[in-house]
J.: 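Starting off with a structure, shown below.
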Amino acid sequence: MIGRRALGLLAMASLAATACSQSSGAAACSEPERIVEAGNVHVLPGAEVTFDLSPPTSGPHEIPAPPAGVHDDPISEPRQVAAIESGMVILQHGSEVAAADVHMLRALADDRGVIVAPGARAFDDGASIAFTAWGTRQLCSGLDLAAAESFVDRYLGVSSLDHGD
């Protein structure tokens with residue numbers, strides 16, 4: 001027969017396991033912010049382009065956009081902008097993110113227009129995970145699956161045409 005103390009410990013262990021399945025740490029995400037960089041023009045592949053933001057939310061970009069799905073290598077920032085200009089959402093992670101969290105984030109990639117990839121460079125504000133859509137980004141200190149899913153639901157399909165940018 002299991003005593004009350006043992007049941008309590010089992011319940012706490014179950015809650016801890018559930019929390020760990022959502023994230024390996026206490027993640028905090030900023031609110032999605034609307035930021036549009038100037039210079040929304042097409043550039044030739046390999047052109048020297050710099051962005052004030054990491055990751056960028058708009059600006060100069062090269063075409064074609066990368067395909068939706070999981071990418072093992074970082075996507076150049078001009079191609080990231082091409083993807084989000086067309087209504088895709090990009091979920092990126094830094095190299096410090098735990099493999100289990102990267103695996104959970106990758107599960108959100110799909111052929112509808114969700115890309116998951118490592119970041120091309122360090123993210124602003126020391127974030128380890130970043131979500132971007134056209135003119136919008138959200139930065140996180142770790143994986144928050146609910147925030148990622150909410151971002152995808154809200155911004156997938158939003159393009160530069162929707163904002164007139």
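Along the sequence shown, residues carry numbers from 1.
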J.: Taking Ser141 for its side chain and Ala127 for its backbone only, find out whether a donor-acceptor pair lies under 3.5 Å.
T.: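 No: the side chain of Ser141 does not pair with the backbone of Ala127.
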J.: Can you check whether Gly135's main-chain N or O pairs, donor with acceptor, with Ser58's side chain at less than 3.5 Å?
T.: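 Such a contact is absent between Ser58 side chain and Gly135 backbone.
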J.: Main chain of Pro64, side chain of Arg79: is a donor-acceptor contact present, judged purely on distance under 3.5 Å?
T.: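 Yes, the answer is positive, given that a donor and an acceptor are paired below the 3.5 Å cut-off.
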J.: Report yes or no: do Phe131 and Val70 belong to one cluster of Ile/Leu/Val/Met/Phe/Trp/Tyr joined by side chain heavy-atom distances under 4.5 Å?
T.: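 No, it is not one cluster - the side chains of Phe131 and Val70 are not joined through contacts under 4.5 Å.
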J.: Could you give the distance from CG (Asp125) to SG (Cys140), rounded to the nearest 0.5 Å?
T.: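 One finds 11.5 Å between CG of Asp125 and SG of Cys140.
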J.: Which pair of heavy atoms, one from Ser54 and one from Arg121, lies closest together, and at what distance?
T.: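 Heavy atoms of Ser54 and Arg121 come nearest at OG-CG, 3.4 Å.
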J.: Answer whether the closest heavy-atom distance between the side chains of Ser86 and Ser159 falls below 4.5 Å.
T.: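 Not touching, per the 4.5 Å side-chain cut-off.
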J.: Any idea which heavy atoms bring Ile129 and Gly142 closest together, and the distance?
T.: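 Scanning both residues completely, I find the closest heavy atoms to be CD1-C, 3.6 Å.
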J.: Among pairs that include at least one residue of residues 45-88, which meet ring pair (Phe, Tyr, Trp, His ring centres under 6.0 Å), considering only residues two or more places apart or in two chains?
T.: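 Ring pair (Phe, Tyr, Trp, His ring centres under 6.0 Å) check on residues 45-88 returns His42-His61.
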J.: Going from OG1 on Thr132 to CZ on Arg137, what distance comes out if it is rounded to the nearest 0.5 angstrom?
T.: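 Rounded to the nearest 0.5 Å, the OG1-CZ separation comes out at 9.5 Å.
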J.: Enumerate the residue pairs fulfilling salt bridge (charged side-chain N to carboxylate O under 4.0 Å, His left out) with a member in residues 43-72, sequence neighbours excluded, ordered by first and then second residue.
T.: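 Passing the test, one end in residues 43-72: Asp72-Arg106.
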J.: Give me the atom names and distance for the closest heavy-atom approach of Gly119 to Gln92.
T.: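 Smallest heavy-atom distance, with atoms named: CA-OE1, 3.3 Å.
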J.: Distance-only, no hydrogens or angles: does the Arg112 side chain make a donor-acceptor pair with backbone N or O of Ala68 under 3.5 Å?
T.: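 No, Arg112 side chain to Ala68 backbone: no donor-acceptor pair under 3.5 Å.
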J.: Check Glu77 against Pro56 and note the closest heavy-atom contact, atom names and distance.
T.: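 Where Glu77 meets Pro56 most closely, the heavy atoms are OE2-CD, 3.5 Å.
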J.: Which distance, rounded to the nearest 0.5 Å, do you find between the CD1 of Ile90 and the CD of Gln80?
T.: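 Answer for the CD1-CD pair, Ile90 versus Gln80, is 5.0 Å.
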J.: Strictly distance-based, threshold 3.5 Å: is any side-chain N or O of Ser128 a donor or acceptor partner for the main-chain N or O of Val97?
T.: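 No, Ser128 side chain to Val97 backbone: no donor-acceptor pair under 3.5 Å.
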J.: What's the shortest heavy-atom distance between Val81 and Trp134, and which atoms?
T.: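 Heavy atoms only, the tightest pair is CG1-CZ3, 3.7 Å.
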J.: In terms of hydrophobic clusters joined by side-chain contacts under 4.5 Å, are Val158 and Leu53 together?
T.: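 No; tracing contacts between hydrophobic side chains, which count when under 4.5 Å, never links both residues.
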J.: Within this structure, what is the CD1-CG distance for the pair Ile84 and Leu156, rounded to the nearest 0.5 Å?
T.: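 Taking CD1 in Ile84 and CG in Leu156, the distance rounds to 12.5 Å.
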J.: Check for me, please, whether Leu139 and Leu143 land in the same ILVMFWY cluster - side-chain distances under 4.5 Å, paths through other members count.
T.: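 Leu139 and Leu143: separate clusters.
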J.: Could you tell me if the side chain of Leu145 sits less than 4.5 Å from the side chain of Leu108, heavy atoms only?
T.: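 Yes. Closest side-chain heavy atoms under 4.5 Å.
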J.: Would you please test Leu91 and Val114 for side-chain contact (heavy atoms from CB on, under 4.5 Å) and show each step?
T.: CA-CA 8 Å; Leu91 310 175; Val114 179; 4.0 Å; yes
J.: Is there a path of hydrophobic side-chain contacts, each under 4.5 Å between heavy atoms of I, L, V, M, F, W or Y residues, that connects Ile75 with Ile63?
T.: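 No; tracing contacts between hydrophobic side chains, which count when under 4.5 Å, never links both residues.
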J.: Could you tell me which residues satisfy side chain to side chain donor-acceptor pair (under 3.5 Å) with Glu37, sequence neighbours excluded, listed by chain and number?
T.: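 Testing Glu37 for side chain to side chain donor-acceptor pair (under 3.5 Å), a comparison that skips the adjacent residues, returns none.
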J.: Does atom CD of Glu96 have more than 12 heavy-atom neighbours, drawn from other residues, nucleotides or ligands, at distances under 6.0 Å?
T.: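 Correct, the count exceeds 12.
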J.: Could you pull out the closest heavy-atom pair between Pro32 and Thr136, with the gap in Å?
T.: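 For Pro32 and Thr136, the tightest heavy-atom pair comes out as CB-CG2, 4.0 Å.
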